[in-house]
Amino acid sequence: MADYRKDLVGQLKNRALVYLEVYDVLAEELGAARAEGLLAKAILQRGRSAGQALAEFAPADFDGLCKAFLKGVPGEGELFAPEVRRCDADGVEIQFHACPLKEAWEDAALAPEKRATLCRIAGAVDKGMFEAAGFAIDNRTWTPGAKGCCFLSIRRA
C-alpha cells in the first residue's frame, strides 16, 4: 500500500531543494539580494494565481477564509501544524509549527541565515495569495532562534 504522507513530504522537501538550487544559481550569477528578489517575485505571482480561489471571502469573511485556507494546506494540517490563534471580525492569525520545506533546508545543514532567506522566498506565496484574494497580510517567516515557522496575520485590505 502506498504511503501518501511519506510521498507528500518527499515532494514538499524536493520543492524546497529546487528553491535552494535555483536560488544558488541566481545568487552566483546576480548576487544574493537580486536572487532573493527574483525568486520571491516568481513565487508571489504563483500565490496571486492561487489567491483567486479565496477572493469570494473578501472583504471580511474571515471565518470562511480561514476554513478554506486551512482546507487547502497540504496534509490536512498534519504536515504544517497550523494553529489558529485568532479568527474574528478583525482578521485571522495562524501560527505554523512545522514546515517540510524548512525541514529539508535543516536536513541539508544550511546556515540559519540562508534558511531564513529561503523561508522569506517561500513565504511570498502566502503574501501573493491573500493580497490577490483582497486581504492585507503580514507574513512573519521563520528567523534564526525562532520556534515554529510562518506566522500569518490577515486583515481587511
Side-chain angles (χ1 to χ4, degrees), residues 3-55 57-58 65-66 68-83 85 91-155 157:
D3 183 350
Y4 294 110
R5 183 188 187 286
K6 182 179 176 185
D7 292 346
L8 179 56
V9 169
Q11 288 301 314
L12 289 166
K13 287 186 174 187
N14 184 61
R15 184 174 96 195
L17 296 176
V18 169
Y19 288 0
L20 171 61
E21 296 292 344
V22 173
Y23 172 80
D24 283 346
V25 168
L26 289 175
E28 183 178 314
E29 294 290 325
L30 306 170
R34 185 82 173 120
E36 181 177 349
L38 286 171
L39 266 171
K41 182 177 179 180
I43 292 170
L44 180 92
Q45 282 299 115
R46 177 62 200 126
R48 285 184 177 148
S49 297
Q52 298 305 313
L54 299 175
F57 303 106
L65 176 71
C66 184
F69 173 69
L70 291 175
K71 186 176 181 181
V73 173
E76 299 177 359
E78 181 182 336
L79 305 180
F80 289 85
E83 173 192 356
R85 294 224 174 137
V92 177
E93 292 182 348
I94 302 170
Q95 173 70 58
F96 290 89
H97 294 284
C99 176
L101 285 83
K102 187 179 126 218
E103 290 168 16
W105 299 321
E106 289 169 346
D107 293 346
L110 298 184
E113 295 77 20
K114 190 166 187 177
R115 280 183 277 157
T117 296
L118 291 164
C119 286
R120 284 192 304 274
I121 291 167
V125 74
D126 294 316
K127 180 174 173 46
M129 182 185 324
F130 288 106
E131 287 179 352
F135 297 91
I137 178 174
D138 177 24
N139 183 0
R140 291 175 286 210
T141 57
W142 178 85
T143 57
K147 293 185 180 191
C149 297
C150 293
F151 178 82
L152 308 180
S153 178
I154 302 129
R155 60 198 178 286

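Given the structure is predicted, the values throughout are model-derived calculations rather than measurements.
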Minimum heavy-atom distance between [X] and [Y], given as atom pair plus value:
X: Gln95; Y: Phe151; answer: OE1-CD1, 3.3 Å
X: Ala50; Y: Met129; answer: C-CG, 4.3 Å
X: Arg115; Y: Leu110; answer: NE-O, 3.1 Å
X: Pro112; Y: Trp142; answer: O-CZ3, 3.4 Å
X: Ala132; Y: Gly51; answer: CB-CA, 4.3 Å
X: Leu54; Y: Ala68; answer: CD2-CB, 3.8 Å

What's the separation between atom [atom1] in [X] and atom [atom2] in [Y], rounded to the nearest 0.5 Å?
X: Tyr19; Y: Leu39; atom1: OH; atom2: CG; result: 8.5 Å
X: Arg120; Y: Thr141; atom1: CZ; atom2: OG1; result: 6.5 Å
X: Leu65; Y: Leu70; atom1: CG; atom2: CG; result: 9.0 Å
X: Leu79; Y: Glu103; atom1: CG; atom2: CD; result: 8.5 Å

Suppose we screen for side chain to side chain donor-acceptor pair (under 3.5 Å). Which residues come up paired with Gln11, at least two apart in sequence or across chains?
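Expected list: none.
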
Does the side-chain contact (heavy atoms from CB on, under 4.5 Å) test come out yes or no for Cys149 and His97, once each step is laid out?
CA-CA 5 Å; Cys149 297; His97 294 284; over 6 Å; no

Do any N or O atoms from the side chain of Trp105 and from the backbone of Leu118 form a donor-acceptor pair under 3.5 angstrom?
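Looks like no, no N/O pair under 3.5 Å.
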
Answer yes or no: is there a donor N or O on one side and an acceptor on the other, between the side chain of Asn139 and the main chain of Gly123, under 3.5 Å?
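Yes, Asn139 side chain to Gly123 backbone: donor-acceptor pair under 3.5 Å.
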
Hey, are Asp24 and Lys114 close enough for a salt bridge, meaning a charged N less than 4.0 Å from a carboxylate O?
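A salt bridge is present here (some side-chain N lies under 4.0 Å from a carboxylate O).
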
Test ring pair (Phe, Tyr, Trp, His ring centres under 6.0 Å) on Phe57 and Phe135 and set out the steps.
CA-CA 9 Å; Phe57 303 106; Phe135 297 91; 8.0 Å; no

Do other residues, nucleotides or ligands put more than 12 heavy atoms under 6.0 Å from Arg85 CZ?
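Count over threshold, so yes.
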
Under the side chain to side chain contact (heavy atoms under 4.5 Å, CB included) test against Glu131, which residue among Ile137, Ile154, Asp126 passes?
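In the set Ile137, Ile154, Asp126, the residue that makes a side chain to side chain contact (heavy atoms under 4.5 Å, CB included) with Glu131 is Ile137.
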
